[in-house]
Amino acid sequence: MTSTRRTRMETVASDVVIIGGGAAGMFAGARLREMGISVTVLEPTGQTLRKLRISGKGRCNLTNNCTVENVLKNVIRNPKFLYSALDNLSPQDTMAWFENHGVPLKTERGGRVFPVSDKASDVAAVLEKSDIKIIKDRALGILTENGAVTGVRGEKGEYKANYVILATGGKSYPKTGSTGDGYKLASDLGHTISEPKASLVPIETAERFSEELYSLTTKNVTLSLYGNKKKPIYSELGEMNFTKYGIAGPLSLSASCFIDDKQDYKIIIDLKPGLTMEQLVKRIQRDFDETPNLNFSESLGKLFPRELRADMVRLSGIDRDKPCNQITREEKEALAHLTKGLTLTVTGLRPIEEGIVTRGGVKVGEINPKTMESKLISGLYFAGEIIDCDAMTGGYNLQIAFATAETAAKAISDKKQESEAIWE
């Protein structure tokens, strides 16, 4: 059935009020409806799943086809908190649910799962068919009595309920509705908020590159992030982009998860990870031998993409007009070292508004990991990005959203059944 959307001021009573119409909120709503529980979703924009629709460049990487253990390895903050949630809904359970609801899926590089159609709108459509009341209203406060939830106060009225799920997301991509409202709602009830910061966000560097390079997606390179120790904090093969402020793209986003303000960082990019240093020097020598009379800047066509050549010439320190047959062995070795060790100085991260997800949020020590219920307020549950858990790219963050939503929905269903049994 099509979701009902209401905008007039009214008092609405339902079993559950979900604050936030993002991935976690809508999945929780869909599952609750399948359990026969009435649901009202409050979404201040009136438009649900806006962030999900643009995820994965509009394709929606909705989970990762891997084990629960591998999901946990890719969670940066508080992975142990998610054991029970992922036991309730594993990546395979997520895949099965969407496929059983008419969304065929496919697995791509790195286990990333997408709809076969490559349309995030297909994923959104399934969640929006769940006969949920969706009301365009902003929650101003969660109503309680004797330490238990009684409903939600909104700008347009009150919404009575015995259970509330807070699924407002974080503060990244505020145009999609992630404005951080949930942090105030939670803190007003005594919950502690770990400072929200950007995660999965482009990185700013001291070094600058030519505008021509901005259009290039640099593929099959290795990016290594270093802090104060010799061993890299993060190192991975993949894709990245140079920008006017630094670097972006998948490798940059993943590396950003490990950057904080506690130490200095540098990034080393290996542009030719498939070659050893010795092999690369021989490769450069061979290229120069084939074009002995070409000048240096014109001889790099086989080694680098066109957009990258001018910057590599500049950074090498070799005279651009120097003929190949005059370039010394030391210069060739220096070019090889630059190619396998392009070093960038990290100066910071882009603003939280540009982050894909938010690190920080409601402290996990104040949430029951087996139910997602608040340890402070009976009947209050959390799901998704508002919780202080975040992960790398690859579908892991949406998997966390769905798993915590499933856990909250199951817990509410169990609690409701227990309550009804008492009164029978």
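Note that the coordinates shown come from a computational prediction; the quantities given were computed from them, not determined experimentally. Numbers for residues simply follow the sequence, beginning at 1.
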Test side chain to side chain contact (heavy atoms under 4.5 Å, CB included) applied to Glu207 and Leu315, step by step: CA-CA 11 Å; Glu207 294 73 19; Leu315 293 169; over 6 Å; no
Short N-O contact, [X] and [Y], less than 4.0 angstrom:
X      : Y      : result
Glu333 : Arg329 : yes
Arg286 : Asp289 : no
Glu211 : Lys244 : no
Asp414 : Lys410 : no
Asp131 : Arg33  : yes

Inspect the surroundings of [atom1] in [X] and state if more than 12 heavy atoms from other residues, nucleotides or ligands are less than 6.0 Å away.
X      : atom1 : answer
Arg320 : CZ    : no
Lys370 : NZ    : no
Lys266 : NZ    : no
Lys363 : NZ    : no
Lys375 : NZ    : yes

Provide the closest heavy-atom pair for [X] versus [Y] in the form atom of the first, atom of the second, distance.
X      : Y      : answer
Thr291 : Asp287 : OG1-O, 3.2 Å
Asp388 : Ser194 : OD2-OG, 3.2 Å
Thr393 : Ser254 : OG1-OG, 3.0 Å

Residues Leu303, Arg283; criterion side chain to side chain contact (heavy atoms under 4.5 Å, CB included); working and verdict: CA-CA 9 Å; Leu303 194 60; Arg283 161 75 184 274; 4.2 Å; yes
From Lys119 atom NZ to Cys60 atom SG, the distance as rounded to the nearest 0.5 Å: 14.0 Å
Distance-only donor-acceptor check, side chains [X] and [Y], under 3.5 Å:
X      : Y      : answer
Ser235 : Ser224 : yes
Ser374 : Glu366 : no
Asp264 : Tyr226 : no
Asp87  : Ser84  : no
Asn220 : Glu239 : no
Asn88  : Thr407 : yes

Sole candidate of Arg359, Lys171, Lys51, Arg77 that passes salt bridge (Lys or Arg N to Asp or Glu O under 4.0 Å) when paired with Glu385: Lys51
Parallel, tilted or perpendicular, as decided by the 30° and 60° cut-offs, for the rings of Phe209 and Phe242: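 Rings of Phe242 and Phe209: tilted, as their planes differ by 30° to 60°.
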Worked verdict on Tyr381 versus Lys415 for side chain to side chain contact (heavy atoms under 4.5 Å, CB included): CA-CA 12 Å; Tyr381 296 78; Lys415 199 169 184 179; 3.4 Å; yes
Heavy-atom donor-acceptor pair, Thr45 side chain to Gln47 backbone, under 3.5 Å: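 Yes; judged by distance alone, with no hydrogens or angles, the pair exists.
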Sequence neighbours excluded, every pair satisfying ring pair (Phe, Tyr, Trp, His ring centres under 6.0 Å) that has a member inside residues 92-124: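 Listed by first then second residue: Phe27-Trp97, Trp97-His101, Phe98-Phe402.
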Criterion side chain to side chain contact (heavy atoms under 4.5 Å, CB included) on Tyr234 and Cys257, from CA distance to verdict: CA-CA 9 Å; Tyr234 165 82; Cys257 295; over 6 Å; no
Derivation and outcome, side-chain hydrogen bond (donor to acceptor under 3.5 Å, both in side chains), residues Tyr396 and Asn61: CA-CA 9 Å; Tyr396 304 110; Asn61 177 193; over 6 Å; no
Salt bridge (Lys or Arg N to Asp or Glu O under 4.0 Å) between Glu69 and Lys73, worked out: CA-CA 6 Å; Glu69 289 72 22; Lys73 286 179 182 178; over 6 Å; no
Test applied, side chain to side chain donor-acceptor pair (under 3.5 Å); reference residue, Thr48; option that passes from Arg53, Glu128, Glu43: Glu128
